[in-house]
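Nothing fancy with the numbering, it's 1 onward along the sequence. Just so we're clear, the structure is a prediction, and the values are computed from it rather than from any experiment.
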Amino acid sequence: QVQLVESGGGLVQAGGSLKLSCAASGSIFSIDAMRWYRQAPGKERELVAAITSGGRAIVADSVKGRFTISRDNAKNTVYLQMNSLKPEDTAVYYCNAHIWVAHPVIVSPDKYLEVWGQGTLVTVSS
């Protein structure tokens, strides 16, 4: 019914920048918080950044001052601007959101789902 699709990953040299995008689509009534997680090889998935529907944002200490999260509610899209990338930022980046699915008949929320994207790989070379 709803899905998240990430884009923007790739290979970049240390010190470079990338901007990830994550677009939600489907029968959406509204979207609450949207988040970016990452999982490096052999490590657990960790929260990178989160943003509320009102625009309040937090970022992990490991990326503070380098990464910025933002969202466009009209486009149901969240972004992650990554600057001054380091080899330790190499990971698969996942988008996550809590979404109210629209009722099929009346203008009302129907279901509340936690949705994950498929992930996009970011590789930072030294």
Side-chain angles (χ1 to χ4, degrees):
Q1 285 180 309
V2 295
Q3 63 176 351
L4 298 174
V5 178
E6 301 106 332
S7 60
L11 174 64
V12 64
Q13 288 189 332
S17 299
L18 281 175
K19 186 173 184 178
L20 306 183
S21 299
C22 171
S25 62
S27 301
I28 297 170
F29 184 84
S30 65
I31 304 176
D32 286 346
M34 302 185 82
R35 303 173 183 85
W36 286 100
Y37 287 81
R38 69 184 180 186
Q39 187 165 20
K43 294 188 177 181
E44 294 187 353
R45 191 171 297 189
E46 64 173 351
L47 178 66
V48 177
I51 187 167
T52 67
S53 58
R56 290 185 62 185
I58 60 167
V59 295
D61 288 342
S62 59
V63 305
K64 197 165 291 183
R66 300 188 297 119
F67 290 12
T68 303
I69 187 172
S70 61
R71 66 189 282 175
D72 184 334
N73 291 331
K75 296 182 178 179
N76 290 331
T77 300
V78 63
Y79 305 96
L80 186 68
Q81 177 66 48
M82 306 184 293
N83 299 328
S84 302
L85 283 160
K86 304 175 181 179
E88 51 263 43
D89 295 319
T90 295
V92 178
Y93 284 72
Y94 297 91
C95 179
N96 167 277
H98 283 82
I99 299 176
W100 280 103
V101 178
H103 195 281
V105 177
I106 60 175
V107 180
S108 175
D110 185 28
K111 303 174 186 176
Y112 193 58
L113 300 178
E114 180 180 20
V115 184
W116 288 88
Q118 82 286 354
T120 185
L121 177 63
V122 172
T123 304
V124 184
S125 63
S126 57

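- For Asn76 (side chain) and Ser25 (main-chain N/O), no donor-acceptor pair under 3.5 Å exists by modelled atom type.
- Although no hydrogens or angles enter the test, the distance criterion places no donor-acceptor pair under 3.5 Å between the side chain of Arg45 and the main chain of Tyr37.
- In plain terms, the two heavy atoms of Ile58 and Ile69 that are nearest each other are O-CG2, 4.3 Å.
- The disulfide (SG to SG under 2.5 Å) analysis of residues 32-76, with sequence neighbours excluded, yields no pairs.
- Ser17 and Asn83 share a donor-acceptor pair across their side chains, judged by distance under 3.5 Å alone.
- Aromatic ring centroids of His103 and Phe29 lie 6.0 Å or more apart.
- Contact detail for Ile99 and Ala24: the closest heavy-atom pair is CD1-CB, 4.4 Å.
- When atom types are taken as modelled, the side chain of Thr77 and the backbone of Lys75 share a donor-acceptor pair closer than 3.5 angstrom.
- Listed for the Arg56 side chain is no donor-acceptor partner under 3.5 Å among the backbone atoms of Ala50.
- With rounding to the nearest 0.5 Å, the separation of CD in Gln3 from CD in Gln118 is 8.5 Å.
- Residues Val92 and Trp36 do not share a hydrophobic cluster, defined by chaining ILVMFWY side chains whose heavy atoms lie under 4.5 Å apart.
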Take Val122 and Met82, measure what side-chain contact (heavy atoms from CB on, under 4.5 Å) needs, and give me the verdict at the end. CA-CA 10 Å; Val122 172; Met82 306 184 293; 3.8 Å; yes
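- Shown are Val78, Leu80, Thr120, Val5; of these, the side chain to side chain contact (heavy atoms under 4.5 Å, CB included) with Cys95 is made only by Val78.
- Within the model, atoms CZ of Arg35 and SG of Cys22 stand 12.0 Å from one another, a figure rounded to the nearest 0.5 Å.
- Applying the salt bridge (charged side-chain N to carboxylate O under 4.0 Å, His left out) test to residues at least two apart or on different chains, none of the pairs has a partner in residues 98-115.
- Atoms CG and CE, from Asn73 and Met34 in turn, are 8.5 Å apart once rounded to the nearest 0.5 Å.
- The line from CZ of Arg66 to CG of Leu85 is 6.5 Å long, rounded to the nearest 0.5 Å.
- Residues Tyr79 and Leu4 are members of separate hydrophobic clusters, defined by side-chain heavy-atom contacts under 4.5 angstrom among Ile, Leu, Val, Met, Phe, Trp and Tyr.
- Taking the charged nitrogens against the carboxylate oxygens, Asp61 and Lys64 do have a contact shorter than 4.0 Å, which makes a salt bridge.
- A donor-acceptor pair is defined here as one N or O able to donate and one able to accept, closer than 3.5 Å; such a pair exists between the side chain of Glu6 and the backbone of Gly119.
- The minimum heavy-atom distance between Ile31 and Ala97, with the atom names listed, is CG2-CB, 4.1 Å.
- Nearest heavy atoms, Ile51 versus Ser70: CD1-CA, 3.8 Å.
- Note that OG of Ser126 and NZ of Lys86 are 14.0 Å apart. Values are rounded to the nearest 0.5 Å.
- Side-chain heavy atoms closer than 4.5 Å link hydrophobic residues (I, L, V, M, F, W, Y) into clusters, and following such links, possibly through other members, connects Trp116 to Leu47.
- Phe67 and Tyr94 end up in different hydrophobic clusters when Ile, Leu, Val, Met, Phe, Trp and Tyr side chains are linked at under 4.5 Å.
- Residues satisfying the side-chain contact (heavy atoms from CB on, under 4.5 Å) test with Ala91, not counting sequence neighbours, are Arg38, Ala40, Tyr93.
- Checked by atom type and distance alone, the side chain of Thr90 pairs as donor or acceptor with a backbone atom of Val124 at under 3.5 Å.
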